Amino acid sequence: MSSARSVSPALSPAHLCDRPVSPSHRPPKEDYDRPAREIAPLHYTDLLPFNILGGPETREFLLRVAEVSIDYIRETFDRHAKILDFHQPEQLKEVLDLEIPAKPMVLEQVIADCMDALKYQVKTGHPRFMNQLSCGTEVVSLAGEWVTAAANTNMFTYEIAPVFILMEKVTMRHMREVIGYKAGDSILAPGGSISNLYAALAARHKMFPEYKKKGLMALPGQLVMFTSLHSHYSLMGAAAAMGLGTDNLIEVPVDEKGHMLPSELDRLIQEEKGKGKVPFFVCATAGTTVMGAFDPLHAIADVCEKHKLWFHVDAAWGGGVLLSKNQRHKMAGVERSNSITWNPHKLMGTLLQCSTVHFQEDGLLISCNQMCADYLFQQDKPYDVNYDTGDKVIQCGRHNDIFKLWLLWRSKGDEGFEKHIDHLFDMTAYLVQRMKQHPDKFELLNDEPECTNVCFWYVPHRLRTMKAGPERHKILGEIQPILKGRMMTAGTLMIGYQPLDHHPNFFRNIISSQAVRREDIDFMLEELDRLGYDL
Ligand SMILES: *Cc1c(COP(=O)(O)O)cnc(C)c1O
């Protein structure tokens, strides 16, 4: 982008030019350059805009806060630093002063508050933080978030977010091209759960446009939707929020690797129709939350076509594989879907939060959600009001989640993102390979992970000779949470655990951070054995 300082004449036609700002409203030029006064005794009233001459102090204050963040980032990537300093809530309340004061506090205290806030924070960007689908701190994305905060705008109209709206358009079109949609529409939503809700709302609107005005009575019967047994719980949330009720979210059985069974989907659709219910929406999962399984999209698309149902793909977790030639075959058939949820804040490492939902058909989002608020979406604005995105969503204001994604993508390019994804999968393959070298210590639940989820039980010494079977698994299921507690106390490693179906508690290791290297995986295996050997 050009960094032209002066406004080009084209942008300032005479009729748009207001009178120049009166010089008396400007601080004297030399004020910008004078050294800041000492921050320690100052208050917020010494900063802009309260003190119009507070430019140097404002800069100094913000630089100090930026330094606090930068120190934190450096420690995040320091392998010798702990991931967390765990305290029980009662202890933490004692060491922190969180009360809201009656009188203003000095800025030095405000800076100390920033430091304290980070002191006990879990370093989610640490190379040994494997706990969440959103791990890792991408520095360029962080820079984007800083700039976003400075711009502090709302994404509902072009009027107040012109550049960010255009960025959103370009980036969303690029993502749709990667997906394989020929046209369509997209929106950024506050998380994958809400993105899934948008998809289901659009599906219902497409089939029953009367619903928007007339409500439930406009429907010919009880709507039902379908998703796999291993899908994300947000589908249940959508069924509840949309007035279907969770009983009308039908869970389709999965095979032993966690893939939805298309034949079962077909059978269940017919069964529900037979009961007089009205199927309208099928959700396939691309990268299930626990096992990382990719549902067979072509086979599910066939079933949806046969029954004329909306086909949604929840790729909140797995969507990033589309950026890699080596991995994208796992989502073959995605181009046949009607909609897809894809969270850049997961595999793509964009800072929280950044979630997108894409539609094959243009115009549905607006027709489904538009309420035409006169005070925001005037139709006689001095620009093409199709650039106003605010009426496509059920929110009013919308946070700017695009800039940190756009900036990250600019910095990496498509090629950099391909390397990014391939790195995560290389590290996962290395982890699996290393675990297979020690089958006595690590029992894999799925020895060929499809995403970067590696599900396993750590086996302590005393159980290594015990006969395999439900009794041994039961004990293993009791041991994993104790090991997790030890990890948190040691502060050296974080991995999540959960039960699934008939499986008792097991660990789900997630590699979703560019910081992870082979040495971290070697460390992880040794640390698990150090902390858990005697359990
Ligand atoms: C994480 C996840 C979601 C929810 O995304 P949020 O951004 O946390 O709301 C939905 N579906 C799948 C498969 C996920 O992994």
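Counting starts at 1 for both ligands and their atoms, following the listed order. Just so we're clear, the structure is a prediction, and the values are computed from it rather than from any experiment.
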In terms of side-chain geometry, is the basic nitrogen of K419 or E415 positioned less than 4.0 Å from the acidic oxygen of its partner?
no
Answer yes when K257 and E450 have at least one side-chain N-carboxylate O distance shorter than 4.0 Å, and no when they do not.
no
State whether the shortest distance between N or O atoms of [X] and N or O atoms of ligand 1 falls below 3.5 angstrom.
{"X": "S234", "value": "no"}
{"X": "S193", "value": "yes"}
{"X": "D314", "value": "yes"}

Between [X] and [Y], which heavy-atom pair has the shortest distance, and what is it?
{"X": "K206", "Y": "W310", "answer": "CB-CZ3, 4.0 Å"}
{"X": "Q222", "Y": "L244", "answer": "NE2-O, 3.4 Å"}
{"X": "N400", "Y": "T148", "answer": "O-CG2, 3.4 Å"}

Within a distance under 4.0 Å of any heavy atom of [X], pick out the atoms of ligand 1 and give their elements.
{"X": "W317", "result": "15 (O)"}
{"X": "A316", "result": "2 (C), 3 (C), 10 (C), 11 (N), 12 (C), 14 (C)"}
{"X": "L133", "result": "15 (O)"}
{"X": "K346", "result": "1 (C), 2 (C), 3 (C), 4 (C), 5 (O), 14 (C), 15 (O)"}
{"X": "G191", "result": "7 (O), 9 (O)"}
{"X": "N343", "result": "5 (O), 6 (P), 7 (O)"}

Test the K169-Y387 pair against the cation-pi criterion, namely NZ or CZ under 6.0 angstrom from the six-membered ring centroid and within 45° of the ring axis.
yes
Identify whether NZ of Lys or CZ of Arg in R128 sits under 6.0 Å from the centre of the six-membered ring of F523 and within 45° of that ring's axis.
yes
For the pair W457 and H473, name the ring-plane relationship: parallel under 30°, tilted 30 to 60°, perpendicular over 60°.
tilted
May I ask whether G287 places a heavy atom under 4.0 Å from ligand 1?
yes
How far is atom 7 (O) of ligand 1 from the closest protein heavy atom, and which atom is that?
G192 N, 2.7 Å
Filtering Q132, H232, Q353, H345 for the heavy atom nearest atom 10 (C) of ligand 1 leaves H232
